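Heads up, the thing below is written out as structure tokens.
Computed over heavy atoms, backbone and side chain alike; hydrogens, waters and symmetry mates excluded. These numbers were taken from a predicted model, which means no experiment stands behind them. Throughout, protein chains are lettered first and strands after them, A, B, ... in sequence-line order, and every chain is numbered starting at 1.
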Protein chains: 2
Amino acid sequence: MASNAAFAEVANLAGDPARAGMLHALMDGRALTATELARVAGITPQTASGHLMQLTAGGLLSVEKQGRHRYHRLASPAVARMLESIMQVAADAAPRKKTFAGPRDLALRAARTCYDHLAGHLGVALADALVTRGDIELGADAGIVTKSGAALFDRLGIELGANSKSKSRMMCRPCLDWSERRPHLAGHVGAALCKHCLSEGWIKHIDGTRAVAVTVKGQRNFRDVFGVSGV
Amino acid sequence: MASNAAFAEVANLAGDPARAGMLHALMDGRALTATELARVAGITPQTASGHLMQLTAGGLLSVEKQGRHRYHRLASPAVARMLESIMQVAADAAPRKKTFAGPRDLALRAARTCYDHLAGHLGVALADALVTRGDIELGADAGIVTKSGAALFDRLGIELGANSKSKSRMMCRPCLDWSERRPHLAGHVGAALCKHCLSEGWIKHIDGTRAVAVTVKGQRNFRDVFGVSGV
DNA sequence: GCGATGCTTCGGCCCTGGCCGAAGCATTTT
DNA sequence: AAAATGCTTCGGCCAGGGCCGAAGCATCGC
């Protein structure tokens with residue numbers, strides 16, 4: 001079968017430690033330069049250049065040239081979902097490592113972005129709160145936004161663009177959280193919510209990682225709007 | 001970050017051509033012996049043995065000893081979803097290969113199982129029919145079974161076990177088909193439907209692959225029950 | 001028991017592919 | 001111009017790991 005070779009090629013691209021580090025760093029959806037990626041992967045720029053070429057040729061990354069910089073980002077949401085699913089299996093399979101969580105790990109577990117939506121303790125807490133309040137219904141495979149949820153998002157000024165579709169109900173995707181082992185909110189709705197939190201200044205990226213910090217304003221709003229405190 | 005190493009390890013396991021072939025062969029959810037897997041991967045049994053040990057140690061496979069045979073299967077649905085998502089990216093990224101589809105490829109494209117549900121032309125046609133008839137609603141991220149759909153499945157004797165949950169509506173997962181580039185039906189509902197088709201003799205596995213053939217009885221039922229013909 | 005079958009371990013071959021230093025383009029800055 | 005910055009190409013080094021043949025354990029059938 002021909003598709004087999006392509007499969008191994010893609011998996012192999014993600015299977016090198018240096019390349020895995022780069023993909024990991026790109027999982028929050030931002031675009032990074034080759035030198036930045038070399039630094040996070042712990043290799044020299046010329047080695048990184050080779051890896052980036054392979055990743056681009058393999059369809060995992062797309063490049064945007066801008067002056068003397070070249071910005072690399074994940075090629076598509078499908079790539080992000082693939083990376084998420086690999087992380088899921090990796091987290092399932094290797095709880096053997098009692099990896100004493102360093103400060104960076106702790107920050108990631110508390111709250112992080114997962115390509116375009118929120119994950120970590122914050123992400124799960126928000127999903128829980130929305131379910132408890134009856135704003136969304138979440139199953140193992142899928143979720144939907146209820147009438148009250150649609151009203152809530154509307155009140156917050158969150159645009160659920162897919163309303164333009166003929167779908168009578170907004171649907172969303174649950175995403176199993178590798179650190180909390182419980183689902184958080186992904187898909188269109190999760191992305192819109194995350195975007196809103198960032199633009200309202202409720203959360204902000206820590207230095208240049210996927211970890212996010214909840215601002216004072218965010219703490220107030222998460223408590224008042226969603227009934228979520230202690231994040 | 002510690003989880004990075006585990007990520008690369010898992011991806012690397014799937015990234016070797018021989019191991020990829022084995023995983024591919026296991027994607028229909030059956031359990032195969034080491035020798036069978038060696039054959040599909042095109043390697044000797046002793047080489048396969050090493051690969052299988054790695055895959056098991058990495059948490060991708062689970063082994064069941066039975067007499068002098070050792071049956072290997074995917075360790076969890078999470079692994080199956082990971083493999084699906086990699087195939088998705090691989091299919092997206094490599095349409096360069098004008099791969100003249102051999103007969104095996106053609107059979108796979110017509111109808112196949114995707115771990116526990118139906119894919120290929122048949123899977124997409126069934127999903128389309130169910131949507132058209134109003135039995136399910138399918139978005140990009142999620143789907144739900146409508147009242148009429150629940151009645152249909154009940155009439156067919158398909159048990160949607162998750163009804164026991166407090167969920168008021170049955171939800172299901174759409175899965176982007178790599179050959180058709182359109183969603184087919186996955187998740188709990190997709191699995192139940194596939195199981196029903198197999199047990200009723202509407203479809204059956206071709207030799208020992210993921211490809212399935214539609215029986216005469218199946219053609220009649222797909223036409224009469226779902227309005228799907230020409231499969 | 002004895003041989004056949006399924007699978008694993010061991011040892012050694014070989015080659016892919018990741019790594020870096022040095023040098024070469026391209027673009028921006030002074 | 002000339003220097004600085006970002007990135008890529010080239011060449012050579014080297015280790016990791018996939019592969020098989022041969023031999024060693026298990027389990028089944030006679």
Distance below 4.0 Å between A:Arg19 side-chain N/O and C:dG18 OP1 or OP2: yes
N or O in side chain of A:Arg70 less than 4.0 angstrom from C:dT27 OP1/OP2: no
Check whether any side-chain heavy atom of [X] lies under 4.5 Å from a side-chain heavy atom of [Y], and answer yes or no.
X: A:His117; Y: A:Leu185; result: no
X: B:Arg173; Y: B:Asp141; result: no
X: B:Pro183; Y: B:Val124; result: no

Would a distance-only check, ignoring hydrogens and angles, find a side-chain to backbone donor-acceptor pair under 3.5 Å from [X] to [Y]?
X: B:His72; Y: B:Ala31; value: no
X: A:Arg19; Y: A:Ala14; value: no
X: A:Thr56; Y: A:Leu52; value: yes

Rounded distance in Å - CG (B:Asp16) to P (D:dG17): 11 Å
Atom-to-atom span, NE2 of B:His72 to P of C:dG6 - whole angstrom: 13 Å
Check [Y] with [X], please: is the shortest side-chain N to carboxylate O separation under 4.0 Å?
X: B:Arg112; Y: B:Asp177; value: yes
X: B:Asp128; Y: B:Arg182; value: yes
X: A:Asp116; Y: A:Arg81; value: no

Collect all protein-nucleotide pairs involving nucleotides 11-16 of chain C in which both atoms are nitrogen or oxygen and the distance is under 3.5 Å.
none

Atom pairs, N/O to N/O, protein against nucleotides 23-30 of chain D, distance under 3.5 Å?
{"unit_1": "D:dT27", "atom_1": "OP1", "unit_2": "B:Lys65", "atom_2": "NZ", "d": "3.4"}

Parallel, tilted or perpendicular: rings of B:Phe226 and B:Trp202 (30°, 60°): perpendicular
Near-strand residues of residues 43-53 of chain B, defined as heavy-atom separation under 4.0 angstrom from DNA chain C: B:Pro45, B:Gln46, B:Ser49, B:Met53
